[in-house]
Amino acid sequence: MGLLSYRTAGESHGKALLALVEGMPAGVDVDQEFIDNELRRRQGGYGRGGRQKIETDHVEFLSGVRLGKSIASPIAMLIPNKDSRLDDVKATPPLHRPRPGHADLAGSIKWLTTDCRETLERASARETAARVAAGALSRCLLKAFGIEVFGFVRSVGPAMSDVRVMSDNWRKLLEAREQSDLYCPDVAASEEMRGFVNQMKQDKDTAGGIVEAHVFGCPVGLGSCMTWDGRLDSRIAAAVVGIQAFKGVEIGLGFETTRRAGSKVHDEIAFDANSQQTPTLGFIRATNNAGGLEGGMTNGQPVVVRGAMKPISTLGKPLRSVDLNTKQTSEAGWERSDISAISAASVVMENVIAFEIARAFLEKFGGDSLHEVRQNYDQFLATARSLPLG
Ligand code: EPS
């Protein structure tokens, strides 16, 4: 079985979005309801724009799935666009006044045109629906091995939650998150976040924020220190900063580590024979500043990632720009958009991280069928628990 990989296709106002996933072993239960629910969550959140009132995203499997299970062939997923108008020039007019922060200016010069339309159509955050579909599909595999992802909004603008996520409280926090249209399990912080989004709306401005994801149940040894692109943190970082509007990523304590002495950063190791059946194989830590990754490899602790999403680039009060045809100063162009898409960003980040974890998981335990993957997984854990080898 080849590497797990995915590619997306589709423009914001084209016929549909596509996600093509290769390398999924046969026999994985494909939970369409779960995938559609992730797509629904991506569309939600306080501060979202008018497009989300038009679309009711759901996935149509065009290949690779039979009777609810993967069959080892490439899995093509289609998400129809109700707001499909790309061939109607009147409905998708040229845009000559690039919006600062978007792909508009760089893209129009790159493709040697003064019309930003075709750049913005592909660069649009609409494409993240396809990434969520691919990531949610990969979680169907991860779930079979007890690996689960919990994502939420950590901050919006200056409003920040200090909620602590632990292995023994995240399911309760997930229930609380489900009650929050800011996807933040902290009621007081959610109110502050809402206040900031309301202020941005009133000011014809936009909001960004920090989203956080915790991955529970990863076995030790996913990823490899042997090559830079084998390190799982480098792949997770690339996947996260590759999301539209993301400008930063942290693993574990991240930038905070720079403000502390090493003795206050690194997670000391102990052994607890009663914990050998947990993902740590008994090698427990009182802290997890490393965010579950050391040397680019999982260490049995939860993987912890934070992503920084810049404020949406299309402002109701347009910023200054230049008309690409006349080079004259002008107001930036305007396209329908959101005040805040931070809730959506938390869903996207959860799922792109899941895909990288699944890819590393299959690199280590891969097989043509789920049965074979499980044999490899069980064998490795049995051997790892019996170390040192006789
Ligand atoms: C979005 C789809 C887009 C935007 C928005 C979010 O749809 P449309 O352009 O038809 O309104 O609403 O995209 C952006 C804010 C952006 O910067 O691209 C979505 O589905 O998430």
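For this chain, numbers begin at 1 and follow the sequence in order. Both counts, for ligands and for their atoms, begin at 1 and track the order of listing.
In Glu55, neither the side chain nor the backbone holds a heavy atom less than 4.0 Å from any atom of ligand 1. In Arg42, the part holding a heavy atom less than 4.0 Å from any atom of ligand 1 is the side chain. If you look at Ser124 next to ligand 1, the close heavy atoms, those under 4.0 Å, come from the backbone and the side chain alike.
Heavy-atom separations between Ser12 and ligand 1 include at least one value shorter than 4.0 Å. The closest approach between His13 and ligand 1 falls below 4.0 Å for a heavy atom of the residue. For the pair Arg48 and ligand 1, a heavy-atom separation below 4.0 Å is found.
A centroid separation of 6.0 Å or more is found between the aromatic rings of Phe152 and Tyr183.
You'll find the side chain of Val373 reaches within 4.5 Å of the side chain of Phe361, heavy atoms only. Here the side chains of Arg51 and Ser12 are in contact, with some heavy-atom distance below 4.5 Å.
Atom CD of Glu178 has more than 12 heavy atoms from other residues, nucleotides or ligands within 6.0 Å. Atom NZ of Lys310 is surrounded by more than 12 heavy atoms from other residues, nucleotides or ligands within 6.0 Å.
Shortest contact from atom 1 (C) of ligand 1 to any protein heavy atom: Gln52 NE2, 3.5 Å. Of the protein's non-hydrogen atoms, the one nearest atom 12 (O) of ligand 1 is Arg51 CB, 3.7 Å. If you check which protein heavy atom lies closest to atom 17 (O) of ligand 1, you get His102 CE1, 2.8 Å. Closest protein heavy atom to atom 11 (O) of ligand 1: Arg336 NE, 2.8 Å.
The aromatic rings of Tyr377 and Phe365 sit perpendicular, their planes meeting at an angle over 60°, well past the 30° parallel limit.
Counting only non-hydrogen atoms, the option in Ala125, Ser337, Ala345 that gets closest to atom 15 (C) of ligand 1 is Ser337. Of the candidates Val348, Leu17, Asp338, the one placing a heavy atom closest to atom 6 (C) of ligand 1 is Asp338.
For the pair Arg139 and Glu148, the salt-bridge criterion is not met [side-chain N within less than 4.0 Å of a carboxylate O].
Checked by atom type, the side-chain pair Thr383/Gln379 shows a donor-acceptor distance below 3.5 Å.
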